[in-house]
Amino acid sequence: MKQSQVMLGACTALMLAGVCGGTASAATGQAMFADVPSGHWAYAAVDQLRADGVIRGTDAQRFDGNGLVTRYQMAAVVARAMANAGNMNTADQAALDKLSHEFDDEIESLHSLSKRVDTLEKHAKKTHDEFTVHGNFQQTLESHNHAGGDGSHKNDSKSRWWAKELYINMEAKLPNVVGDWKFKTKLQTKWGGKRFNEEPLMAGDNANGYNGGHMYDERLRPDLAYFEGTLGKTQLWTRIGILQPWVQNGYVYGANLRGAMLEHWSKKYVWHAFGGLVDSSDNDLAVGAGAVYDNAAGAWAPEIGQDWNDNVRAHESFKVVQTQNASSGEWERHLSRDGVNALSAEEEASVLRNGGTGSDNAKGNIEDMFGSNLSTKKTVYGLAYDRMYSKKLSYSLGAYRYTSAAYNRRPLYIGSASFDYKLMPKVILRGTYAQGSQHGENSNPRGWMADIMWNCNPWMGAEKAHQFGAYVGYHVLAPDSYIRCGYGDEIDKGQRGVAMGMYYNLTSNLQFTLKYGFGKSLTYNNPAKRDRDKLYSGVFCYF
């Protein structure tokens, strides 16, 4: 009887909806079973069990009136009584026994239905486990105030950027594959513009590849696509494809990767190793120094960065000089370090071939002048070690190697260390330090951050309604201390200053974010115009 009680419980709850109707409205039930007339002895027996508390519920379980119910509905009520029998008196036990025999066939049908429901639930769970879809939509606004403008153009010292972004994540367990291997992908669409609801579909710029490949943010463009699972019996968690490593909270490397990643997890530490091609646009990685033509002066001059974009890699700047060809007598443009003497033909060819002026997209300025085809291939290799030292303290160490035109194909080596210390149950102190190997005239190789975070790390989940989190800190995002930094919502890349922010979940899976930063540019070449501040806000909906 106990087995029947367990198996019939779920079905009985469903059947009561039909019972509450009071009449024989279930045509399928009438077709399957003979109707139970209102004067049948079972009515009185059920009412007795209800009065004695064997059947617990509302008066809707009483069969009042002159209506009919099907035997199937009556069996559901009897099954409910059997599930709640407990310690019954003799009279109630006799009534229940009589009822169970009367509706034995129908109860057996319920039992069979329960088994089929369980089978369907298991199948549904299995299907859910094998394929899932989730994602998020976000509306954000970035408002910059930058002192780099010269005042000659309207709003040259202020800018706003409205953006809508849609991400859809899908994952599927690989069929007929031994182990836990899955395929995961993320599709994205981005719109961006200077006015709300007037954002055109965003097109990307030069991306990783040779001779200037292009990356476009088309509708539902695949952003991530990779396989992941355990590598045989090695206990190495493996990812292969277009993936996101995201180690050390993304300070040094927050970009996608076309390659592979191996991880080994234990109770107190994790090893991460990855390598491949950087999958990110040139503008997201950095801008840089280039030779530009000054119309007012009527000459070419070096330019470090833009008026207000401070994410600049410029370890070496070049001027452009004109020299007369001894054979033809024609004047030719050449690169120069001092503005007087041109580089040798061999060195100039190497500089042009490799990008030259300290940026992955500064090559455009030289390419315009010299018609060069420049390689934009960028490779990265990284190794990180995370350690849970105690319940309060954890730390991470990392080493990275980056090769690109930004450093004339000379590798940029970066070492990084970070820690989290739990001051209180919901309060964390986080410190991060990273240093690059470049030490040229215009390099900024040392970056660091210090943050106090309350109920966030530094981002906050959106699952719990009305949850609140906040942080405040000081950030120095030095361009030669990272490859692509995952921070920059308030103190932007290439700047230093105070950063603060808050998160609030308006309801479950609907989050509002507000961030603000104020400080100075690290790279702009006019000290009087380095003041910066930025406001960032957004609404994020997860599904």
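It should be emphasised that the depicted structure is a prediction, and the values quoted were computed from it without experimental measurement.
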Quiz item: Any idea how His475 and Tyr487 line up, ring-wise: parallel (<30°), tilted (30 to 60°), or perpendicular (>60°)?
Solution: perpendicular
Quiz item: Can you list the steps and then say if Ile240 with Thr238 is a side-chain contact (heavy atoms from CB on, under 4.5 Å)?
Solution: CA-CA 7 Å; Ile240 303 172; Thr238 307; 3.9 Å; yes
Quiz item: Yes or no on salt bridge (charged side-chain N to carboxylate O under 4.0 Å, His left out) for Lys182 and Glu130, after CA distance, side-chain angles and deciding distance?
Solution: CA-CA 9 Å; Lys182 293 181 179 180; Glu130 289 182 349; over 6 Å; no
Side-chain donor/acceptor pairs under 3.5 Å, residues 459-473, sequence neighbours excluded:
unit_1 : atom_1 : unit_2 : atom_2 : d
His466 : ND1    : Tyr504 : OH     : 2.9
Tyr471 : OH     : Glu490 : OE1    : 2.4

Quiz item: Is the Lys NZ or Arg CZ of Lys164 less than 6.0 Å from the centre of Phe196's six-membered ring, within 45° of the axis?
Solution: yes
Quiz prompt | Trp448-Tyr474 aromatic ring centre distance below 6.0 Å | solution = yes
Quiz item: Below 4.5 Å, heavy atoms only, C-beta onward: do Leu141 and Trp161 meet side chain to side chain?
Solution: no
Exercise. Work out which heavy atom in Thr379 is nearest to a heavy atom in Val278; give both atom names and the distance.
Key: C-CG2, 4.3 Å
Quiz item: Only one of Phe183, Trp237, Trp181 clears ring-ring contact (aromatic ring centres under 6.0 Å, His included) with Phe227; which?
Solution: Phe183
Exercise. Test Arg532 against Asp492 for salt bridge (charged side-chain N to carboxylate O under 4.0 Å, His left out), laying out the working first.
Key: CA-CA 9 Å; Arg532 303 286 188 265; Asp492 219 334; over 6 Å; no
Practice problem: Give a yes or no on whether a salt bridge exists between Arg430 and Asp451, defined as a side-chain N under 4.0 angstrom from a carboxylate O. | Solution: no
Quiz item: Once the angle between the rings of Phe518 and Tyr516 is folded into 0 to 90°, is it parallel (under 30°), tilted (30 to 60°) or perpendicular (over 60°)?
Solution: tilted
Practice problem: Please examine the side chains of Asn311 and Tyr482, heavy atoms only from C-beta on, and report whether any two atoms are closer than 4.5 Å. | Solution: yes
Practice problem: Before accepting this row, confirm whether a basic side-chain N of the pair Lys493/Asp310 lies closer than 4.0 Å to the acidic partner's carboxylate O. | Solution: no
Exercise. Would you mind checking if Lys184 and Glu228 are paired as a salt bridge, meaning a charged N to carboxylate O distance below 4.0 Å?
Key: yes
